[in-house]
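Being a predicted model, the structure only gives us computed values, none of them experimental. Chain letters run A, B, ... following the sequence lines, proteins first, then strands; residues in each count from 1.
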Amino acid sequence: MREHPTGTLAGRIVETEAYIVGDAAGHAFRGETPRNRSLFLRRGHAYVYFVYGCWFAVNVSGEIAGVGAGVLLRALEPIEGVAQMEIHRGTQKLLDLARGPGRLAMAMHIDRRLDGVDLCAMGPLWLGTAIRPVGSIGQSVRIGLTREALRKLRFFENDSRFVSGPGRLRA
DNA sequence: AGTGCGATTGACT
DNA sequence: GTCAATCGCACTA
């Protein structure tokens, strides 16, 4: 859920990746720095980071305070505020609005200002209330990594068309 | 102080 | 399929 000045933006999370304790692919692996400090907040806080000089991406911190780990939000199925998401993204292709972490952040207008917010209480960005899963959940290796590339820590709704990644990783 | 490259995307061949 | 965009952090020295 994104409480935006223009109205509420909402989507179902259909794809995530876990970056767990001791995971060399995780931003928290080398310890806490100014950039990744939000990963060390108590579980349920936002870690927003900037990659490739172009994009933001959002994680949900996943451990107790002081332990760095998180879940990357990789794709949403848009539920509310689609017209505004289209403006943010510059496209009207529903399937592309929030398919991929960079697109997701852009659709929801997420940037560094939201780094560290509590996602478990109503606010500018939060998790809302649970919506029942649809169908089964698939599992695969994570996308775009060079380290720890074999760990199957990506999770996605099997039958969703809003999931990112190469087709062969879907099933 | 300098360098390399990343949890990506979109444009182009 | 390839490749540029573009920034800040981590790493080396």
Would one find more than 12 heavy atoms of other residues, nucleotides or ligands at under 6.0 Å from atom CD of A:Gln92?
no

Look at A:Arg35 together with A:Asp115 and state whether they make a salt bridge at an N to O cut-off of under 4.0 Å.
no

A:Arg147 CZ to B:dC5 P: how many Å, rounded?
13 Å

A:Ile64 atom CD1: more than 12 heavy-atom contacts under 6.0 Å
no

Does either side chain, that of A:Arg154 or that of A:Ser140, offer a donor lying less than 3.5 Å from an acceptor on the other one?
yes

In whole Å, what separates the P atom of B:dC5 from that of C:dC3?
16 Å

Under 4.5 Å side-chain heavy-atom separation, chaining through any Ile, Leu, Val, Met, Phe, Trp or Tyr, what else clusters with A:Ile79? Say none if it is isolated.
none

Should A:Leu153 and A:Tyr19 be counted in the same cluster of Ile, Leu, Val, Met, Phe, Trp and Tyr side chains packed under 4.5 Å apart?
no

Tell me: CD of A:Glu17 to P of B:dT8, nearest whole Å?
7 Å

Is there a continuous path of hydrophobic side-chain contacts, each under 4.5 Å between heavy atoms, that joins A:Leu114 to A:Leu127?
yes

Rounded to the nearest angstrom, tell me the gap between atom CZ in A:Arg37 and atom C1' in C:dC9.
16 Å

Given B:dT8, is OP1 or OP2 found less than 4.0 Å from the side-chain N or O atoms of A:Arg74?
yes

Distance, rounded to the nearest Å, where A:Ile20 contributes CD1 and B:dA7 contributes P
16 Å

From CZ (A:Phe156) to CD (A:Glu15), nearest 0.5 Å:
7.5 Å

What's the gap between B:dT13 and C:dA5 when it is taken at their P atoms, as a whole Å value?
15 Å

Give me, pair by pair, the N or O atoms of the protein and of nucleotides 4-6 of chain C that are less than 3.5 Å apart, along with how far apart they are.
unit_1: C:dT6; atom_1: O4'; unit_2: A:Gly53; atom_2: O; d: 3.4
unit_1: C:dT6; atom_1: O2; unit_2: A:Tyr52; atom_2: O; d: 2.2

Applying a 4.0 Å non-hydrogen cut-off, can you work out what A:Arg142 is touching in the nucleic acid: base, sugar-phosphate, or nothing?
nothing

Using nucleotides 11-13 of chain C, report all nitrogen or oxygen pairs with the protein that are shorter than 3.5 Å.
unit_1: C:dC11; atom_1: OP1; unit_2: A:Arg30; atom_2: NE; d: 2.1

Would you tell me whether A:Glu86 and A:Thr91 have side-chain atoms, one donor and one acceptor, within less than 3.5 Å of each other?
no

Applying a 4.0 Å non-hydrogen cut-off, can you work out what A:Ala25 is touching in the nucleic acid: base, sugar-phosphate, or nothing?
base

Atom-to-atom span, CD of A:Glu148 to P of B:dG6 - whole angstrom
15 Å

Of A:Val58 and A:Arg103, the one whose closest nucleotide on DNA chain B sits nearer the 5' end is A:Val58

Whole angstrom is fine here: how far is it from OH in A:Tyr49 over to P in B:dG6?
12 Å

Residue pair A:Tyr49, A:Leu72: steps toward the side-chain contact (heavy atoms from CB on, under 4.5 Å) verdict:
CA-CA 11 Å; A:Tyr49 70 94; A:Leu72 172 67; 4.1 Å; yes

Report whether A:Met1 and A:Val60 are members of the same hydrophobic cluster (ILVMFWY, side-chain heavy atoms less than 4.5 Å apart, transitive linking).
no

In dot-bracket, 5' to 3', how would DNA chain C read with Watson-Crick or G-U wobble pairs under 3.5 Å, [ ] for crossing ones and | for pairs to another strand?
|||||.||||||.

In whole Å, I'd like the distance from the CG atom of A:Leu145 to the C1' atom of B:dC5.
14 Å

To the nearest 0.5 Å, how far apart are CD1 in A:Ile20 and CD in A:Glu63?
9.0 Å

Base, sugar-phosphate, or nothing for A:Asn36, non-hydrogen atoms under 4.0 angstrom?
nothing

Starting at CG of A:Asp23 and ending at C1' of B:dA7, how long is that distance when rounded to a whole Å?
10 Å

List for me each residue that meets side-chain contact (heavy atoms from CB on, under 4.5 Å) alongside A:Arg112, sequence neighbours excluded, and say none if there are none.
A:Phe50, A:Phe56

Sidechain N-carboxylate O distance under 4.0 Å for A:Glu17, A:Arg74
yes

Measuring from A:His45:NE2 to A:Arg37:CZ, what's the distance to the nearest 0.5 Å?
9.5 Å

Mind listing the residues from residues 75-93 of chain A sitting with a heavy atom below 4.0 Å of DNA chain C? Number order is fine.
none

Could you give the distance separating B:dA7 and C:dG1 at their C1' atoms, to the nearest angstrom?
23 Å

